[in-house]
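In what follows, a structure is listed as structure tokens, so that the remarks can point back to it.
Convention: sequence-line order gives letters A, B, ...; per-chain numbering from 1.
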Amino acid sequence: MSTDVRVRFAPSPTGYLHLGGLRVALYNYAFAKQNNGKFILRIEDTDQARLVEGAVENLISSLEVMGITYDEGPNKDAEYGPYFQSQRLDIYRKYINELIAKGHAYYCFCTKETLDEMRTKAQKEKKFFKYDRRCHKLSQEEIQAKLDAGESYVVRLKMPDERIFTFNDLVRGEVSIDVKQIDDQVILKSDGFPTYHLAAVVDDHLMKISHVFRGEEWLSSTPKHIFLYECFGWTPPQWVHLPLILNKDKSKLSKRKNDVAVETYLEKGYQKDALINFIALLGWHPSEDRELFSMDEIIKEFSIDRVNKAGAVFDLTKLEWMSGMYFRSSDLADVADYARPQFEKAGIDISDNDKYLRVIDKAREYISTIDQVMEHAEMYYRLGELSEKDAEMLNNEESQKVLAYMAEAYNTDHILSPDELNAITKGSIGEIGIKGKKFYFPLRLALIGKGHGPDMPAIYSILGKEEFVNRLKRAIK
RNA sequence: GACCCCUUCGUCUAGUGGACUAGGACUCCAGAUUUUCAUUCUGGCAACAGGGGUUCGAUUCCCCUAGGGGUCGCCA
């Protein structure tokens, strides 16, 4: 394709970045990078009533931590700005006037109450509701009189009477929608703000957007957008309607039924590359039998052809597995950094960095989220209280015999290698005649305060010879 | 309700007329490794929504039915 790829992610700042938004942003980003195009962030803040304070900042920072960076947008002004729709009102007004002048749009003075009545009536009669265009019949003089009187108004797009809109969607193929199903959409609200339909079309054109990636929920309003492009004499972009992300019950992913904020998953401690990887695979998959993809690989492999048509249920189980995989395979130093705040919060001194890395390297084997790390790490720094049952176990005669013997056996004049340590352990089992659980359980209780955990050489190497032996000694009554 | 879209294991998916006894991944189960836990490895359970066509041959193409979802706002 010879045209430059320019795509945009256009959230409305009504809350936090959610999983669905993240995926749309990711696909946009991957597609842009892959084609040496530009990825634009545009804030669709045309609904004054739903604005949430801090939402824009949150959106931007969420994208940033997920590694999705935009080329143009808030704080990155380029020639197509501003990137906040609320700062583009004059532009929209100009194009709306043009539509009115051309007869493609008209003033409507119907109140919300009137409209509600009409809607209820239609519903009772089980009829498809469509605005009856009563205001379209107003004469120029009547309109002017109402305008002069300061009556509240909106502007509606006048859709054609007869027409089947057929358009090509890059994931769905050819889609046809009868104009009979489409209302005369309000394009300018009574508060002077445009609606999405008008603003998005104008901006996408002015910002030279080549491909519009958006959720499937927009499919049925696409004819309105296509019609707007025609009214202005513009060429529409390529349409890419993405399948929805679904709740377990297959309804559109919602806050009510799931945690949907990207931030929440980060707070819960999922590995962020795993989250990206997981989200990427919800509705897209290359032909190969592969599951693990880095951002670079996603950029390289992504293709619209391979986006699915059907919605995808968001299932945490696989994300958990994937997150664990990433913790185990990513750089130890990164995982260590990620876990560090927890140790600080718990007041654990991790200034011995070599030890800290050994601890994390072992603990990462057990976790799927970073906040589980403490559960598998704290014991190398401090022992908690034993349960009554464990204490009893530790203090019984056999256990004490094991501890007394092993504290001496392990207390060599040099640091033991894993093989040497195993040899001592095995040899001792024969010497004292206590084996299996009765042997290992008390040892582990003394060493890490729990009956289950890593093997002896691992504990020894993390704790170091001195602490290892000391812990055994301390457990002796 | 009208319209639009969708439909392969429980979930994410591979599959574009024969290579399919339908492949992979997660989950689950069993086994191996391990003193235990976790990791790792091996194996197993499990799906083409149904019915008609087209074709020598349909998971793949067409039609119908069913089911699911989306839209129907001065929200995006």
**Request:** Could you pull out all residues at least two apart from F468(A) that satisfy ring-ring contact (aromatic ring centres under 6.0 Å, His included)?
**Result:** Y410(A), Y460(A)
**Prompt:** Base, sugar-phosphate, or nothing for T425(A), non-hydrogen atoms under 4.0 angstrom?
**Reply:** nothing
**Asked** Is R119(A) touching bases, backbone alone, or none of the nucleic acid, heavy atoms closer than 4.0 Å?
**Response** sugar-phosphate
**Asked** Do H241(A) and R214(A) have a side chain donor and acceptor closer than 3.5 Å?
**Response** yes
**Request:** Report which part of the nucleic acid R364(A) touches: base, sugar-phosphate, or nothing (heavy-atom distance under 4.0 Å, all strands).
**Result:** nothing
**Message:** Going by salt bridge (charged side-chain N to carboxylate O under 4.0 Å, His left out), name the pairs with one or both residues in residues 438-456 of chain A, residues two or more places apart or in two chains.
**Reply:** E398(A)-K438(A)
**Message:** Could you tell me how far rG51(B) sits from rA58(B) if I compare only their P atoms? Round to whole Å.
**Reply:** 14 Å
**Request:** Could you list the residues that satisfy ring-ring contact (aromatic ring centres under 6.0 Å, His included) with F193(A), not counting sequence neighbours?
**Result:** none
**Request:** State which of rC37(B), rG24(B), rC4(B) makes the closest approach to the side chain of H452(A).
**Result:** rC37(B)
**Integer angstrom distance from the C1' of rC75(B) to that of rC29(B)** = 48 Å
Pairs under 3.5 Å (N/O, protein and nucleotides 59-70 of chain B):
residue : atom : partner : partner atom : Å
rG70(B) : OP1  : K252(A) : N            : 3.0

**Request:** With heavy atoms under 4.0 Å as the rule, sort E365(A) into base, sugar-phosphate or nothing.
**Result:** base
**Prompt:** Within the structure shown, what part of the strands sits under 4.0 Å from M456(A) by heavy-atom distance: base, sugar-phosphate, or nothing?
**Reply:** base
**Request:** Flag yes if more than 12 heavy atoms outside F293(A) fall under 6.0 Å of its CZ atom; otherwise flag no.
**Result:** yes
**Asked** Which part of the nucleic acid does S287(A) contact within heavy-atom distance under 4.0 Å: base, sugar-phosphate only, or nothing?
**Response** sugar-phosphate
**Complete:** For T114(A), the side-chain hydrogen bond (donor to acceptor under 3.5 Å, both in side chains) test, sequence neighbours excluded, returns T111(A)
**Prompt:** What is the nucleic acid contact for P243(A), judged by heavy atoms within less than 4.0 Å: base, sugar-phosphate only, or nothing?
**Reply:** nothing
**Fill in**
Per the under-4.0 Å heavy-atom filter, residues of residues 8-21 of chain A near RNA chain B come out as S12(A)
**Request:** Tell me which nucleotide among rC75(B), rG15(B), rU13(B) gets nearest to the side chain of A312(A).
**Result:** rU13(B)
**Request:** Could you tell me whether F278(A) and F314(A) have their ring centroids closer than 6.0 angstrom?
**Result:** yes
**Message:** Considering every strand and a 4.0 Å limit on heavy-atom distances, what is the contact class for V186(A): base, sugar-phosphate, or nothing?
**Reply:** sugar-phosphate
**Message:** Check for me whether the distance between the ring centres of F213(A) and Y27(A) falls short of 6.0 Å.
**Reply:** no
**Request:** Remember a base hit wins even if backbone is also touched, and classify G436(A) as base, sugar-phosphate or nothing at under 4.0 Å, heavy atoms.
**Result:** nothing
**Prompt:** Under 3.5 Å, is there a donor-acceptor pair between the N396(A) and S399(A) side chains?
**Reply:** yes
Look for any protein N or O under 3.5 Å of an N or O in nucleotides 45-51 of chain B and output each such pair with its distance, or none.
none

**Donor-acceptor pair present, K318(A) side chain and rC12(B) base, under 3.5 Å** = yes
**Item:** Distance between C1' atoms of rU13(B) and rA46(B) (Å, rounded)
**Value:** 15 Å
**Request:** Output yes if the stacking criterion (under 5.5 Å between centres, under 30° between planes) is met for Y440(A) over the base of rU35(B), else no.
**Result:** yes
**Prompt:** When all nucleic acid strands are considered with a 4.0 Å heavy-atom cut-off, which category describes G283(A): base, sugar-phosphate, or nothing?
**Reply:** sugar-phosphate
**Request:** Classify the nucleic acid contact of Y366(A) as base, sugar-phosphate or nothing, counting any heavy atom under 4.0 Å across all strands shown.
**Result:** base
**Item:** Minimum-distance nucleotide to W321(A) side chain [options: rA76(B), rU36(B), rU27(B)]
**Value:** rU27(B)
**Request:** Would you indicate whether E53(A), at its atom CD, is surrounded by more than 12 heavy atoms from other residues, nucleotides or ligands within a distance under 6.0 Å?
**Result:** no
**Asked** Is the shortest heavy-atom distance from the side chain of H104(A) to the side chain of K158(A) under 4.5 Å?
**Response** no
**Asked** Is the backbone of D390(A) close enough, under 3.5 Å, to the side chain of S387(A) for a donor and an acceptor to pair up by distance?
**Response** yes
**Prompt:** Hey, what's the ring geometry for F441(A) with H452(A), parallel, tilted or perpendicular (30° and 60° as the breaks)?
**Reply:** perpendicular
**Of Q85(A) and S176(A), the one whose closest RNA chain B nucleotide lies more 5'** = S176(A)
**Request:** Give one of base, sugar-phosphate or nothing for D455(A), where a contact means two heavy atoms less than 4.0 Å apart.
**Result:** base
**Prompt:** How would you list all residue pairs meeting salt bridge (charged side-chain N to carboxylate O under 4.0 Å, His left out) that involve residues 175-187 of chain A, not counting sequence neighbours?
**Reply:** R133(A)-D184(A), E162(A)-K180(A)
**Asked** How would you list, by chain and number, every residue that makes a side-chain hydrogen bond (donor to acceptor under 3.5 Å, both in side chains) with Y70(A), sequence neighbours excluded?
**Response** none
**Request:** Rounded to the nearest angstrom, tell me the gap between atom CG in L188(A) and atom P in rC74(B).
**Result:** 13 Å
**Message:** Does R172(A) reach a base, just sugar-phosphate, or nothing at all? Heavy atoms under 4.0 Å.
**Reply:** sugar-phosphate
**Fill in**
E57(A) meets the salt bridge (Lys or Arg N to Asp or Glu O under 4.0 Å) criterion, sequence neighbours left out, with none
Short heteroatom pairs, N/O only, protein and nucleotides 28-31 of chain B, under 3.5 Å:
none

**ring-ring contact (aromatic ring centres under 6.0 Å, His included) against W218(A), all qualifying residues, sequence neighbours excluded** = Y196(A)
**Message:** From the set rC72(B), rU39(B), rC6(B), return the single nucleotide nearest to any side-chain atom of R328(A).
**Reply:** rU39(B)
**Request:** With heavy atoms under 4.0 Å as the rule, sort N308(A) into base, sugar-phosphate or nothing.
**Result:** sugar-phosphate
**Request:** From the options rA76(B), rC3(B), rU40(B), select the nucleotide whose nearest atom is closest to the side chain of Y196(A).
**Result:** rA76(B)
**Message:** Counting distance alone, no hydrogens or angles: does the base of rU36(B) have a donor or acceptor under 3.5 Å from a partner atom on the side chain of R444(A)?
**Reply:** yes
**Request:** When you get a sec, tell me which of rG73(B), rC74(B), rU13(B) is the closest nucleotide to the side chain of L115(A)?
**Result:** rC74(B)
**Asked** Between rC74(B), rG23(B), rC4(B), which nucleotide has the shortest distance from any of its atoms to the side chain of D289(A)?
**Response** rG23(B)
**Message:** Between rG24(B) and E291(A), counting only base atoms on the nucleotide and side-chain atoms on the residue, is there a donor-acceptor pair under 3.5 Å?
**Reply:** yes
